[in-house]
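All remarks here apply to the structure that follows.
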Amino acid sequence: MPRMTASEAFVETLVAYGVKDVFGIVGSAYMDALDLFPAAGIRFIPTAHEQGAGHMADGYSRVSGRHGVCIAQNGPGITNFVTSTAAAYWAHSPVVVVTPETGSGSMGLGGFQETEQLPIFSKITKYQAHVSKHPRMAELTARSFDMAMSERGPAQLNIPRDNFYGEADYEIAKPRNVTRGPGSNESLDEAADLLAQAKFPVIVAGGGVIFSDGVAECAALAEQLSAPVVNSYLHNDSFPADHPLWCGPLGYQGSKAAMKLISQADVVLALGTRLGPFGTLPQHGLDYWPKTAKVIQVDSDHKMLGLVKQISVGIAGDAKEAAKALSYRLANRKVVSSATAGVRMRAIKAEKEAWEKELDGWTHEMDRWSLEVSSGSPYMHPRQMLRELEKAMPKNAMVSTDIGNICSVSNSYLRFNQPSSMFAAMSFGNCGYAFPAIIGAKVAAPERPAIAYVGDGAWGMSFAELLTCVREAIPVTAVVFHNKQWGAEKKNQVDFYGTRFLGVNLKNPCWAEVARSLGAEGVTVDKLGDVGETFDKACDAQKRGRTTVIEVMVTQELGDPFRRDALKYPNRLLDKYKHTNVTAPM
Ligand SMILES: Cc1ncc(C[n+]2csc(CCOP(=O)(O)OP(=O)(O)O)c2C)c(N)n1
Ligand SMILES: [Mg+2]
């Protein structure tokens, strides 16, 4: 075992795990290791805010399937990682969050930049390591990388800053690369029996299909069964949109075709999805989840099996391997659904055409408030604007989406033919996710067009990372939906609080001008006819290293709300507040 310093052991372990890029903000706590990055061939990407660095590491890992790594100064630099770590946790991203801590010799004395860093992250990481002594540096760094990958989520590597110093004989580990099998024979046999007997099988393709690189296997199984395939919520890239069996995404602002088809299923194969509760809520007035269907769920994490939905068979296995094993079992046996393949293909085609036609005609929102604010507005209807972006979308684009009303509506208009193309703020649902996430994705895949969809409220939270794009020459395109409001929350005040607006209206600068003053390109678009061409040019400018902010001016109309499921009409009891009561519409 070679003799080296702890900083060298840390950096050599990063090298052994193939780390090429690390996101963060410089700090004295780890400067001794940082100093070695160039000689180790590691690029350090300084960001505007540590939250941005965390989201970048997340986006980077989501497109590449490799680790994303972020690092910061002990104390405030590390607490700035909290939101991005929670987001990565719910996106199942293998991010290694390196958290240098105050010195072990003074911990507890209330010195500078001191806080206990392990409890803060205990519920938003899959694994936490604490380098209690410098000779454990290589071992615990390696384990953090292994655990982030095998547990599919953030691992925290907490290092008291004094432990970057000192020397020891270190063994530098090799990545452990654990692979998972398809699941038990028993569960696969049972599932194959159900699928063989199914009259109307439907596959839900989840994130696990992407993570396991299992799209082709999922497609082969779907073809064997002539089963419609729907994407799980916010995983529009889990099955190719140009495949005849693809039906679109479930969930909030998803595809009516997908919902109508899955509602007819007698057997559902949930492949690589935890069936998160928000992702299967009724939408468009359709309570589509087929309550009497037999559900087969495949998840690499056995704790997800049957957690949210009742299931008939749970398969603890890799989505790709399970799909392959099921195909193998069905290969030489009678598949009942084959007899009705033609009928089902026609049904899929008809439902998809109907949904496209509906989207074409659905140029604006039709509720009273939306009609009121959009009539006479010089600006674009969000839906029409989104349709134009869809038409102009470059072929192998990567698109990140934020949390907001228009970003959510975009779910109906985002289709992909290749996996690892859509990076939505997943279940953690934090505003400010999309822009830094796409910057990270662009670092990992510089040859692909990188696009972020962001509402103007969320843009206010995240636009500082334009500095990173410009300083570090990471060219992306941000489409900012300028509607002068925190629209998604305003929608709740429209629907439940008698249009009493509080904290939802935004006075904004011209975001194009802000972009230009920060050294990026900035364009304001207020005509539908200009959307496609501007978008085209902006994506093209990425090839020349230029970042563009397209500020699209849209009306204040609002699509269906996020959380109708969780809100109640106010019924106040004190006289002082009674005037705020709202009666539910009949
Ligand atoms: C960090 C964070 N703060 C607050 C919220 C609550 N929230 C959800 S959507 C939303 C409004 C988003 O507004 P904007 O980004 O302008 O998009 P729009 O809804 O107008 O399209 C807010 C404040 C959140 N999800 N995340
Ligand atoms: Mg807005």
Side-chain angles (χ1 to χ4, degrees), residues 49-52 54-55 58 79-91 124 234 252-253 278 364-365 367 369-370 373-374 377 379-386 389 399-414 424-438 452-465 478-497 501-511 514 524 526 549-567:
H49 190 287
E50 287 87 354
Q51 183 183 331
H55 290 320
D58 185 348
T79 52
N80 277 352
F81 276 152
V82 170
T83 298
S84 51
T85 305
Y89 181 89
W90 287 108
I124 49 175
L234 297 180
Y252 185 41
Q253 297 291 355
F278 191 66
H364 58 83
E365 303 301 344
D367 60 286
W369 190 80
S370 289
V373 290
S374 61
S377 165
Y379 298 135
M380 293 175 279
H381 293 299
R383 283 186 176 273
Q384 285 185 307
M385 176 275 299
L386 291 167
L389 289 174
V399 183
S400 67
T401 59
D402 218 279
I403 292 294
N405 193 272
I406 300 175
C407 278
S408 299
V409 172
S410 78
N411 203 26
S412 294
Y413 303 92
L414 286 171
M426 305 300 292
S427 316
F428 195 56
N430 63 298
C431 289
Y433 178 87
F435 185 50
I438 206 68
Y453 281 5
V454 192
D456 51 357
W459 184 246
M461 281 183 177
S462 51
F463 76 90
E465 297 303 346
V479 184
V480 178
F481 306 137
H482 195 145
N483 61 1
K484 302 185 177 64
Q485 58 189 0
W486 292 104
E489 296 299 353
K490 186 184 235 181
K491 178 66 176 159
N492 296 322
Q493 294 178 345
V494 171
D495 287 354
F496 291 89
Y497 295 92
F501 295 138
L502 201 65
V504 292
N505 287 324
L506 294 170
K507 219 183 226 172
N508 286 326
C510 166
W511 288 119
V514 171
T524 306
D526 54 12
V549 175
I550 305 175
E551 169 187 42
V552 287
M553 306 307 291
V554 285
T555 75
Q556 296 201 307
E557 67 198 85
L558 291 162
D560 261 4
F562 253 100
R563 298 311 309 272
R564 210 198 294 278
D565 64 301
L567 284 162

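When a ligand or atom number is given, it counts from 1 through the structure's own listing order.
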Inset, instruction - Run the numbers on V552 and I550 for side-chain contact (heavy atoms from CB on, under 4.5 Å), then give the verdict. - result: CA-CA 6 Å; V552 287; I550 305 175; 4.0 Å; yes
Inset, instruction - Could you list the residues that satisfy side chain to side chain contact (heavy atoms under 4.5 Å, CB included) with S84, not counting sequence neighbours? - result: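 S84: side chain to side chain contact (heavy atoms under 4.5 Å, CB included) contacts with Q51, H55, F81.
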Legend entry - side chain to side chain contact (heavy atoms under 4.5 Å, CB included) partners for R563, two or more places apart: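 By the side chain to side chain contact (heavy atoms under 4.5 Å, CB included) rule, R563 matches F278, D565, A566.
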Legend entry - Student check: side-chain heavy atoms of E365 and L558 closer than 4.5 Å: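 Side-chain contact under 4.5 Å: no.
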Inset, instruction - Assess the pair Y453 and F481: is the distance between their ring centroids shorter than 6.0 Å? - result: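 They qualify: ring centres under 6.0 Å apart.
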Inset, instruction - Could you tell me if the ring centre of Y252 sits under 6.0 Å from that of F562? - result: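 So the answer is yes for these two rings.
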Legend entry - Side chains of N80 and E50, donor plus acceptor under 3.5 Å: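 Side-chain D/A pair, N80 to E50: present.
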Legend entry - Between N405 and K490, a side-chain donor and acceptor under 3.5 Å: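 The criterion, which ignores hydrogens and geometry beyond distance, is not satisfied for K490 and N405.
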Is there any protein N/O under 3.5 Å from an N/O of ligand 1, and what does the full list of such pairs look like?
residue, atom, partner, partner atom, Å
ligand 1, 7 (N), E489, OE2, 3.2
ligand 1, 15 (O), A458, N, 2.9
ligand 1, 16 (O), D456, N, 3.4
ligand 1, 16 (O), D456, OD1, 2.8
ligand 1, 16 (O), G457, N, 2.8
ligand 1, 16 (O), Q485, O, 2.9
ligand 1, 19 (O), N405, N, 2.7
ligand 1, 19 (O), G487, N, 3.2
ligand 1, 19 (O), A488, N, 2.7
ligand 1, 20 (O), N483, OD1, 3.3
ligand 1, 20 (O), N483, ND2, 3.0
ligand 1, 20 (O), Q485, O, 3.0
ligand 1, 20 (O), G487, N, 2.8
ligand 1, 21 (O), N405, N, 3.3
ligand 1, 21 (O), I406, N, 3.0
ligand 1, 25 (N), G429, O, 2.9
ligand 1, 26 (N), C431, N, 3.0

Inset, instruction - Decide side chain to side chain donor-acceptor pair (under 3.5 Å) for D58 and Y433; before the verdict, give the C-alpha distance in whole Å, the side-chain angles of both, and the deciding distance to 0.1 Å. - result: CA-CA 10 Å; D58 185 348; Y433 178 87; 3.0 Å; yes
Legend entry - Total protein N/O/S atoms whose distance from the Mg ion (ligand 2) is less than 2.8 Å: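 Of the protein's nitrogen, oxygen and sulfur atoms, 3 lie under 2.8 Å from the Mg ion (ligand 2).
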